[in-house]
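Order of appearance sets the numbers: ligands from 1, and atoms from 1 within every ligand. Only heavy atoms go into these numbers, but all of them, side chains included; no hydrogens, no water, no symmetry mates.
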Amino acid sequence: MNLILLGPPGAGKGTQAAAIAASRGLVQLSTGDMLRAAVKAGTEVGKQAKAIMERGDLVPDEIVIRIIDERIGQPDCENGFILDGFPRTLPQAAALDKLLADRNKQLDLVIEFKVDDAALVERISGRFACAKCGAGYHDKFKQPKTPGVCDACGSTEFSRRADDNAETVKNRLMAYYKETAPLIGYYFAKGKLKSIDGMAPIDQVTHAIERLLAEVAA
Ligand code: ADP
Ligand code: ADP
Ligand code: ZN
């Protein structure tokens with residue numbers, strides 16, 4: 001099954017992509033994670049993306065399209081993938097249609113997360129992750145079971161994203177409404193769109209997604 005998770009920054013896409021990828025044996029493809037890895041490694045792409053990401057603007061389409069094109073062609077994506085944070089513009093969506101068609105792959109479902117803006121800011125402000133394995137947490141909504149210790153790998157080091165601050169969040173939300181929200185109509189018109197209540201607690205959102213996937217598979 002090939003899925004897209006669509007929603008504003010902080011909506012819970014990464015959290016749910018990780019859960020569904022694990023339960024369904026799908027590959028999670030997060031362009032944000034891939035770009036942050038490129039920035040950290042100091043690659044050419046990383047050098048181009050760094051300042052743009054820190055401002056909360058979108059990285060140029062051709063860069064992210066190239067990254068996704070290469071990644072989707074790899075053998076582990078044959079079983080299916082979850083796109084988390086891609087596409088984010090209409091040209092990216094059109095490029096995705098083409099690269100899937102070229103590989104005889106299809107898109108099964110686009111899941112739109114509906115979350116209030118005030119909740120997004122709260123989620124982003126409290127977000128942190130394991131520095132070793134990347135598992136995601138929240139100061140209020142998802143603390144590690146043992147304080148200071150990662151549930152997934154036992155590491156005691158955590159990190160916060162440079163762009164997860166109140167100033168940048170506004171810019172990222174603006175980019176979402178201007179560039180990404182039109183994709184809701186794009187995928188609705190293609191008959192691929194389902195929306196979920198992203199305001200519900202994490203486990204309930206996971207169950208709602210599982211129900212949608214069961215409907216699509218039936
Ligand atoms: P996105 O990938 O859409 O930017 P994340 O999955 O990183 O969003 O979630 C943003 C923050 O909100 C994280 O700290 C995460 O733990 C927390 N979070 C995710 N889903 C929920 C939810 N349903 N309720 C409360 N907090 C959530
Ligand atoms: P969030 O879900 O919290 O918005 P991401 O991790 O998905 O964060 O993205 C972080 C940043 O990486 C974005 O603000 C943007 O600069 C860049 N980025 C990620 N995916 C894309 C994309 N598909 N197109 C353009 N820029 C992207
Ligand atoms: Zn960890």
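At least one N/O-N/O distance between Arg36 and ligand 2 falls below 3.5 Å.
At the top of the distance list for atom 2 (O) of ligand 1, counting protein heavy atoms only, stands Gly14 N, 2.8 Å. Of all protein heavy atoms, the one lying nearest to atom 10 (C) of ligand 1 is Gly10 O, 3.7 Å. Nearest protein heavy-atom contact of atom 8 (O) of ligand 1 is Gly12 N, 3.1 Å. Looking at atom 9 (O) of ligand 2, its nearest protein heavy atom turns out to be Arg88 NH2, 3.5 Å. In terms of protein heavy-atom proximity, atom 15 (C) of ligand 1 is closest to Thr15 OG1, 3.7 Å. At the top of the distance list for atom 23 (N) of ligand 1, counting protein heavy atoms only, stands Ala200 O, 2.8 Å. For atom 20 (N) of ligand 1, the nearest non-hydrogen atom of the protein is Ile202 CG1, 3.5 Å. Here the protein heavy atom with the shortest distance to atom 7 (O) of ligand 1 is Arg127 NH1, 2.6 Å.
Near Gly32, with a cut-off below 4.0 Å to any heavy atom, the atoms of ligand 2 are 5 (P), 6 (O), 9 (O), 19 (C), 20 (N). Within the listing of ligand 2, atoms 12 (O), 17 (C), 18 (N), 19 (C), 27 (C) sit less than 4.0 angstrom from a heavy atom of Leu35.
At least one heavy atom of Ala11 sits closer than 4.0 Å to an atom of ligand 1.
In the candidate list Gln143, Arg123, Gln16, Arg123 is nearest to atom 24 (N) of ligand 1, counting heavy atoms. Of the options Phe128, Phe141, Tyr137, Phe113, the smallest heavy-atom separation from atom 13 (C) of ligand 1 is shown by Tyr137.
One N or O on the side chain of Ser125 and one on the backbone of Val121 form a donor-acceptor pair closer than 3.5 Å. With hydrogens and angles ignored, the 3.5 Å screen pairs no side-chain donor or acceptor of Gln48 with any backbone N or O of Thr43. Proximity of a side-chain donor or acceptor of Arg123 to a complementary backbone N or O of Ala11 within less than 3.5 Å is detected.
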